[in-house]
Amino acid sequence: MKNSIIAGIGHYVPEKVVKNSDLEKVMDTSDEWIIERTGIQERRYGKKHVETSTTMGARAAEMAIKNAGIKKEDIDFIIFATLSPDYYFPGNGVLLQRELGITQTEIGALDIRNQCSGFIYGLSIADQFAKTGMYKNILLVGGEMHSMGLDFSTRGRNVTVIFGDGAGAAIIQPTEESGRGILTTHLHSDGTFAEKLAFISPGAHSGYFMKYTEEDIDYGFPDEETLGGVFVTQKMVDEGMLFPHMEGQFVFKTAVVKFPEVILEAFEKSGESIDDLKLLIPHQANLRISQFVQKRLGLKDEQILNNIQKYGNTTAASIPIAISEAVQGGIIEKGDLVCLAAFGSGFTWGSALIRW
Ligand code: ACO
């Protein structure tokens, strides 16, 4: 069996910088609260009705393709992770193929809906395909256009202030070099708490979740007598049900347990020592979560990367954006031991250990 490597990495963040003070103008929040609870100072928002998670993913992909020294025609498989796709269906994978002008149809495109852990799930899938020799140049993208689906009233402030837009991309290739590349990946899930962090509607659910009542069902959910239903009702729009919902403290408390667990699992299973860790790149969910993980694992400041201060939480994009910046900045070099870890909605979580 071959190993697989990240042969090229890229990222794209939109131009528009949204500071905490900009959010203060539309909701009851404060720069002080946001910085103290999350570490976030600013985030980027894509250009409305021009940019999407697909277009931003394409810009990141172009950089990754260039850095890998390949051509777009060499891509033989696409994986796209996002929770903010352009359409309900089809998924961003095929839209990215079109956006990049990849016309060969022999290739496949797969969409991943694993939210914050989407990039790590995608990396694990790409690793399996590359190692077995099935594909030679897999394009993995994580991209988010959160700003098109957030509640900018005070009602949505706990969720809205943490998210930002952007995309990251990687080219995964098989390699003959032993001891290098993706050493191990670990994926986990627990559906028990699916609704603790969720974007429920529009969806084909039957109204069993939280705010839905018998009255809502009369608004268009399917019942015994009618044959069909609708994804979106006026009542959902009026009551702000079409936004993400999060029980922040519950998610936080679970995250600070699962992050260290899954990171240590990667070291234990791979036989590598955490003493040799060059850099931990955690999903950028909240600076306080990263600081907790750093303390728990006894890592020095230079062993953990945090860029949430300037981008917010970009969900599936946060890890590849951070890797790309670290490579650009010369923080990661060939031979370094790098650990990736994520936790988020689902709950799903995972880790990957890479010998760069
Ligand atoms: N501005 C001002 N006040 C606020 C804001 C805000 N933006 N948001 C909430 N508050 C208020 C609340 O209303 C509450 O007020 P009350 O005490 O009067 O009721 C108070 O602040 C505390 O609210 P909490 O929700 O308990 O605040 P907390 O300290 O937990 O911070 C946060 C909220 C930042 C969301 C935190 O819980 C968190 O980061 N959770 C984890 C997020 C995460 O990791 N998500 C996973 C990845 S995302 C994904 O998978 C898609």
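The residues of the chain are indexed from 1 along the displayed sequence. We count ligands from 1, going down the list as the structure has it; atoms in each ligand are counted the same way.
Side chain to side chain, Thr314 and Glu144 fail the donor-acceptor criterion of an N or O pair below 3.5 Å. Side-chain N/O atoms of Ser290 and Asn306 include a donor and acceptor closer than 3.5 Å. The closest side-chain donor-acceptor pair between Glu265 and His188 falls under 3.5 angstrom. Side chain to side chain, His283 and Ser318 meet the donor-acceptor criterion of an N or O pair below 3.5 Å. For the 3.5 Å distance criterion, the side chains of Asn3 and Glu176 fail to qualify, holding no donor opposite an acceptor. Side-chain atoms of Thr160 and Asp151 form no donor-acceptor pair, as typed in the model, at a separation below 3.5 Å.
Among Lys19, Gln309, Lys310, the one residue that satisfies the side-chain hydrogen bond (donor to acceptor under 3.5 Å, both in side chains) test with Glu42 is Lys19.
The atoms of ligand 1 that sit less than 4.0 Å from any heavy atom of Arg288 are 29 (O). Less than 4.0 angstrom separates some heavy atom of Leu83 from each of these atoms of ligand 1: 51 (C). Residue Ile289 approaches ligand 1 through these ligand atoms, each under 4.0 Å from one of its heavy atoms: 44 (O). Each of the atoms 22 (C), 27 (O), 28 (P), 29 (O) of ligand 1 lies under 4.0 Å from some heavy atom of Arg37. Every atom of ligand 1 is numbered from 1 in the order shown, and the set under 4.0 Å from a heavy atom of Gly344 is 50 (O). Taking every heavy atom of Asn313 and a limit of under 4.0 angstrom, the matching atoms of ligand 1 come to 47 (C), 48 (S). Near Leu197, meaning under 4.0 Å from one of its heavy atoms, ligand 1 places the atoms 45 (N), 46 (C), 48 (S), 49 (C), 50 (O). Per-residue contacts place Asn158 under 4.0 angstrom from the following atoms of ligand 1 (heavy atoms of the residue considered): 8 (N), 9 (C), 35 (C).
Nearest protein neighbour of atom 1 (N) of ligand 1, counting heavy atoms only, is Thr29 OG1, 2.6 Å. Of all protein heavy atoms, the one closest to atom 40 (N) of ligand 1 is Gly248 O, 3.1 Å.
Ligand 1 lies nowhere less than 4.0 angstrom from a heavy atom belonging to Glu247. Put simply, no part of Ile34 is less than 4.0 Å from ligand 1, judged by heavy atoms. Ligand 1 does not have Thr160 within reach: every non-hydrogen atom of the residue lies 4.0 Å or more from it.
Between Phe267 and Leu277, the closest heavy-atom pair is CZ-CD1, 3.9 Å.
Counting heavy atoms under 4.0 Å from ligand 1, residue Ala255 does not touch it at all.
Across the listed options Asn286, Val161, Asp31, Thr348, Asn286 owns the non-hydrogen atom lying nearest to atom 32 (C) of ligand 1. Considering only non-hydrogen atoms, atom 50 (O) of ligand 1 lies nearest to Cys116 out of Cys116, Ser30, Ser117, Gly346. Distances from atom 12 (C) of ligand 1 to the heavy atoms of Met27, Arg155, Arg157 show the closest one on Arg157. Looking at Phe347, Trp33, Phe252, it is Trp33 that brings a heavy atom closest to atom 8 (N) of ligand 1. Closest to atom 30 (O) of ligand 1 by heavy atom, among Glu32, Gln249, Met246, Gln115, is Gln249. Of the candidates Thr38, Val251, Thr154, Ile162, it is Val251 that places a heavy atom closest to atom 45 (N) of ligand 1.
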Take Ser117 and Thr348 through the side chain to side chain donor-acceptor pair (under 3.5 Å) test and state the conclusion after the steps. CA-CA 6 Å; Ser117 64; Thr348 62; 2.5 Å; yes

Test side-chain contact (heavy atoms from CB on, under 4.5 Å) on Phe152 and Leu23; report intermediate values, then the result. CA-CA 8 Å; Phe152 284 94; Leu23 296 174; 4.0 Å; yes

Going through the checks in order, is the side chain to side chain donor-acceptor pair (under 3.5 Å) test met by Thr54 and Asn92? CA-CA 6 Å; Thr54 296; Asn92 275 14; 3.3 Å; yes

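Protein heavy atoms are absent from the 4.0 Å sphere centred on atom 18 (O) of ligand 1. At a distance under 4.0 Å, no protein heavy atom can be found next to atom 14 (C) of ligand 1. For atom 27 (O) of ligand 1, the nearest protein heavy atom lies under 4.0 Å away.
Taking the six-membered ring for Trp and the full ring otherwise, Phe199 and Phe243 have centroids separated by 6.0 Å or more.
Each of Ile323 and Ile321 belongs to its own hydrophobic cluster when Ile, Leu, Val, Met, Phe, Trp and Tyr are linked at side-chain heavy-atom distances under 4.5 angstrom.
Annotation: cation-pi geometry satisfied between Lys196 and Phe250 (NZ/CZ under 6.0 angstrom from ring centroid, within 45° of ring axis).
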